[in-house]
Amino acid sequence: MKVTDHIAAAQGKTLFSFEVLPPLKGNTIDSLFGTIERLMQFDPKFIDVTSHREEYVFKKHESGLLQKIHTRKRPGTVGICAAIQNKFRIDTVPHIICGGFSREETEYALIDLHYLGIDNALVLRGDALKNEGSFTPDPHGHAYAIDLLRQVKNLNQGKYLYDEVQNSNPSNFCIGVAGYPEKHFEAPSLKADLKHLKAKVDAGGDYIVTQMFFNNEHFFKFVADCRAAGITVPIIPGLKPLTAKGQLQSIPRNFHLNLPDDLIEAVEAAKTPEAVKQVGVEWCIAQSKELMAKGAPVLHYYTMSKADETEQIATALF
Ligand code: FAD
């Protein structure tokens, strides 16, 4: 079932959903299943599975020579979605990214998803490689999420690449896009970012899911700006509890957002790692309660594939 159908069926009730990461290459899926098992009691309507592009690593040989190797550390998004759907009978939302993928590879992944009965996809550009200054698309891939979205939209109309197919069975993906309440870091202004977001929705984005934020005012303003710009699709807030003192630096650095002073002070005053986690969980519960009261269609949690904090938060809410 599509994300937008779940939202429509809920008739205004706030739904619960969360995001997980594929396991690191070489690990089993068991620990991920364990996380999902613990969160099933809160009746999630869908689970997002992130997607990770190839990276370069340097392997040192006995001779001392370094060999540059391409590797994907967290492969398997399509297979994991299928495994989750099969085991838990729950809808999954694979993330599909431009970075590191050609149009052909994307088409094959979409065809696999269609055969598997997965009818949701969150389309994203992806970030630059760690050793790249800025995002470089695959030579045969897409430069922006909107280009990828158009490919999915085409497939939904039975238009395959190169028009070589004898039959043109259409897919039926509900397409999500990303939004940034505090602006995507590359955009010159919030207004410019909003213009590109509107273009994604106008091109067929069915719903928006946001980057995490720790001050609800950013989200409320973002929703108001979207509505004023004529964006009418559901906007799902993405939430993550802060879980360690080091995240006071790493979250702003990695996700390009601001943390509220009250939260910073509470974390700095916490005496133990457990106390920091408690501050993060309580902050996220307070955020969630307010978002729920103001009618958020879904509360979507970034779990990093760990159940502990999300379980505590969901216990207080769902
Ligand atoms: P886009 O919508 O393409 O926008 C990227 C930038 O380009 C923005 O600054 C935008 O304003 C600008 N822009 C857009 N169109 C144009 C245009 N035509 N001309 C000029 N500028 C333009 N990354 C992963 O690698 N894997 C994941 O699984 C993943 N999941 C995510 C889930 C969510 C909910 C979010 C919010 C992010 C996720 N990301 C993921 C990170 C995401 O890939 C990055 O934030 C990336 O830098 C931007 O992706 P986007 O889809 O928003 O890009």
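One-based numbering, in listed order, for ligands and for the atoms of each. In this chain, residues are counted from 1 in sequence order.
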Going by atom types alone, do Ser102 and Asp138 pair a side-chain donor with an acceptor below 3.5 Å?
no
Could you walk me through whether Glu55 and Arg72 pass salt bridge (Lys or Arg N to Asp or Glu O under 4.0 Å), step by step?
CA-CA 6 Å; Glu55 296 172 45; Arg72 190 161 292 144; over 6 Å; no
Which pairs of nitrogen or oxygen atoms, taken one from ligand 1 and one from the protein, are under 3.5 angstrom apart?
unit_1, atom_1, unit_2, atom_2, d
ligand 1, 2 (O), Lys200, NZ, 2.7
ligand 1, 3 (O), Ala145, N, 2.9
ligand 1, 9 (O), His184, ND1, 2.7
ligand 1, 9 (O), Ala187, N, 3.4
ligand 1, 11 (O), Asp193, OD1, 2.7
ligand 1, 15 (N), His196, ND1, 3.4
ligand 1, 21 (N), His196, NE2, 3.4
ligand 1, 26 (N), Ser51, O, 2.8
ligand 1, 28 (O), Ser51, N, 3.0
ligand 1, 28 (O), His95, ND1, 2.8
ligand 1, 30 (N), His95, ND1, 3.0
ligand 1, 43 (O), Gly126, N, 2.8
ligand 1, 45 (O), Tyr180, OH, 2.7
ligand 1, 47 (O), Arg125, NH2, 3.1
ligand 1, 47 (O), Asp127, OD1, 2.6
ligand 1, 47 (O), His184, NE2, 2.8
ligand 1, 49 (O), Tyr180, OH, 3.4
ligand 1, 51 (O), Arg125, N, 2.9
ligand 1, 52 (O), Tyr180, OH, 2.8

Kindly list each side-chain donor-acceptor pair under 3.5 angstrom involving residues 220-229, sequence neighbours excluded, with atom names and distances?
unit_1, atom_1, unit_2, atom_2, d
Lys221, NZ, Asp225, OD2, 2.7
Arg227, NH1, Ile231, O, 2.8
Arg227, NH1, Val233, O, 2.9
Arg227, NH2, Val233, O, 3.1

Within 45° of the six-membered ring axis of Tyr302 and under 6.0 Å from that ring's centre, is NZ or CZ of Lys240 located there?
no
So, using side-chain contact (heavy atoms from CB on, under 4.5 Å) as the criterion, who are the partners of Arg103 when residues are at least two apart?
His142, Gln151, Leu161
With sequence neighbours excluded, residues passing side-chain contact (heavy atoms from CB on, under 4.5 Å) with Ser250:
Gln247, Arg253, Asn254
